[in-house]
Number of protein chains: 2
Amino acid sequence: MEPKQITEIVEKLKQEMRRGITIAAVMQLLSEAQYGYALQKALSDSGIEMGQDTLYPLLRRLEEQELLASEWRVEDPRPRRYYLLTPTGQTVLAELKLELKRIESWIRSVTDETK
Amino acid sequence: MEPKQITEIVEKLKQEMRRGITIAAVMQLLSEAQYGYALQKALSDSGIEMGQDTLYPLLRRLEEQELLASEWRVEDPRPRRYYLLTPTGQTVLAELKLELKRIESWIRSVTDETK
DNA sequence: TATAATACTGTGTAACACACAGTATTGTCA
DNA sequence: TGACAATACTGTGTGTTACACAGTATTATA
């Protein structure tokens, strides 16, 4: 098998592994109100690259589920749409964090075993 | 929002978070040859529940990508299909583990911050 | 003997990340 | 001043895959 194909496969698998944490990342960052573009930068700072075409539908989806609420703020230099966790969203995030701890310990058990 | 709906949403989000690690789990367990049904039980022992209708297509997919190889073994009490990581699969698994460590440290940073 | 456990195969569908495309406004620089 | 970049958001289409649903066969058990 070509090294190029291996890289493709690896990248795709990494992608699949990452997708699970992006939701929690977004929700965690929205414990405080933030607008989409700034959120994207904050995610990037956390090492999570996410395109606008992925982020905005995700925000819409979480809002539809009433985990987020959004509002337009007319401000300098331009209007922005701010998102914030709802109380329900906070509850859900707390639950997700428990799951993350489980995933974390599973990762530790797997990677430590074969170090 | 109904508590029932929240539970649904939480479960679905947990599910999405888990999917990322199932691939690595399967590959890790197949560092040694194992047949499908036994693999499913081993996964379950690791806290990862996975139906046959999910596991077998995943095994097929990984085999198509040449990360796994399989063979029928005629044995007592019945023939079984064994799966084992290929050398390529071992390479890929090592790469995935690096990614898992990244995810792990990200989880730590997020959950510790808000403890 | 009927049912459960063991073991595997195949098809269909919902969900969603990402690709692709677009819009508008403000900022920067030659 | 105008072209391009950055800022900021919206919408549609598609590929992928977990899971739902369905099925098969053999062995084990009550």
Side-chain angles (χ1 to χ4, degrees), chain A residues 8-27 29-30 33-45 48-65 67-68 70-83, chain B residues 5 8-27 29-30 33-45 48-65 67-68 70-83 103:
Chain A
E8 263 186 57
I9 288 173
V10 169
E11 283 310 310
K12 189 172 293 184
L13 289 173
K14 281 184 183 176
Q15 206 180 66
E16 275 187 73
M17 293 201 299
R18 278 187 218 122
R19 65 200 289 181
I21 63 171
T22 53
I23 295 165
V26 166
M27 288 174 76
L29 286 171
L30 291 181
Q34 230 173 159
Y35 60 92
Y37 194 80
L39 179 59
Q40 184 187 16
K41 295 184 79 102
L43 284 168
S44 187
D45 289 346
I48 300 176
E49 301 293 338
M50 192 185 239
Q52 302 188 359
D53 39 19
T54 298
L55 178 58
Y56 285 104
L58 174 58
L59 292 175
R60 279 198 293 264
R61 170 182 153 210
L62 293 176
E63 189 170 9
E64 272 162 26
Q65 291 175 332
L67 304 187
L68 300 185
S70 71
E71 65 178 8
W72 282 101
R73 291 188 193 168
V74 181
E75 62 187 36
D76 211 30
R78 58 168 55 188
R80 293 179 172 122
R81 188 159 186 176
Y82 279 76
Y83 299 87
Chain B
Q5 291 181 352
E8 265 186 58
I9 288 173
V10 169
E11 284 309 311
K12 188 172 292 185
L13 290 173
K14 281 184 182 174
Q15 208 179 66
E16 276 187 73
M17 291 201 300
R18 276 186 220 122
R19 67 197 291 179
I21 62 172
T22 54
I23 295 164
V26 166
M27 288 175 74
L29 286 171
L30 292 181
Q34 233 175 154
Y35 60 94
Y37 194 79
L39 180 58
Q40 185 187 14
K41 297 189 77 119
L43 285 168
S44 186
D45 290 346
I48 301 176
E49 301 292 338
M50 191 184 237
Q52 302 187 359
D53 38 20
T54 298
L55 178 58
Y56 285 104
L58 174 58
L59 292 175
R60 279 198 294 266
R61 168 183 153 208
L62 293 176
E63 190 170 8
E64 272 161 27
Q65 291 175 334
L67 304 188
L68 298 186
S70 70
E71 65 179 8
W72 282 100
R73 291 189 193 168
V74 181
E75 62 187 37
D76 211 28
R78 60 169 53 192
R80 292 177 173 126
R81 187 159 187 178
Y82 279 75
Y83 299 87
I103 290 174

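Proteins come first, then strands; the chains are lettered A, B, ... in the order of their sequence lines, and each starts at number 1.
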Assert: residue with more 5' nearest nucleotide on DNA chain C, out of A:Gln15 and B:Trp72, is B:Trp72

Note, B:Glu71 side chain near B:Arg81 side chain (heavy atom, < 4.5 Å): no

Could you state the CD-C1' distance from B:Glu16 to D:dC19, rounded to the nearest angstrom? 13 Å

Could you tell me the separation between the CE atom of B:Met17 and the CD1 atom of B:Ile103, rounded to the nearest 0.5 Å? 11.5 Å

Students often get this wrong, so: under 4.0 angstrom with heavy atoms, is A:Gly36 touching a base, only sugar-phosphate, or nothing? sugar-phosphate

Please identify each residue that fulfils side-chain contact (heavy atoms from CB on, under 4.5 Å) with B:Gln40, with sequence neighbours left out. B:Tyr37, B:Gln52, B:Leu55

Spacing between B:Leu13 atom CG and D:dA18 atom P, to the nearest angstrom: 17 Å

Are side-chain heavy atoms of A:Lys14 and A:Arg18 found at a separation under 4.5 Å? yes

Check: B:Thr22 and B:Leu43 side chains under 4.5 Å, non-hydrogen atoms: no

Whole angstrom value for the distance that separates C1' of D:dT16 from CD of B:Glu64: 13 Å

State which residue, out of A:Ile21, A:Leu58, A:Leu67, fulfils the side chain to side chain contact (heavy atoms under 4.5 Å, CB included) condition with A:Val26. A:Leu58

Whole-Å distance between D:dA20 C1' and B:Lys12 NZ? 13 Å

Atom CE of B:Met50 to atom P of D:dA18: distance rounded to whole Å? 6 Å

Go through residues 54-61 of chain B and report each residue with a non-hydrogen atom lying under 4.0 Å from DNA chain C, sorted by number. B:Tyr56, B:Arg60

With a 4.5 Å cut-off on side-chain heavy atoms, are B:Leu13 and B:Glu16 touching? yes

Under 3.5 Å, which N/O atoms of the protein pair with N/O atoms of nucleotides 4-7 of chain D?
unit_1 : atom_1 : unit_2  : atom_2 : d
D:dT7  : OP2    : A:Tyr37 : OH     : 2.5
D:dT7  : O5'    : A:Tyr37 : OH     : 3.4
D:dT7  : O2     : A:Arg78 : NH1    : 2.4
D:dT7  : O2     : A:Arg78 : NH2    : 3.1

Suppose we screen for side-chain contact (heavy atoms from CB on, under 4.5 Å). Which residues come up paired with A:Thr54, at least two apart in sequence or across chains? A:Met50

Range on DNA chain C touched by chain A, heavy atoms, distance below 4.0 Å: C:dC16 to C:dG27

Salt-bridge present (B:Arg60, B:Glu63; N to O < 4.0 Å): no

Hey, are the side chains of B:Leu62 and B:Met27 touching, using non-hydrogen atoms and a 4.5 Å cut-off? yes

By ring-ring contact (aromatic ring centres under 6.0 Å, His included), B:Tyr82 pairs with (sequence neighbours left out) B:Tyr35

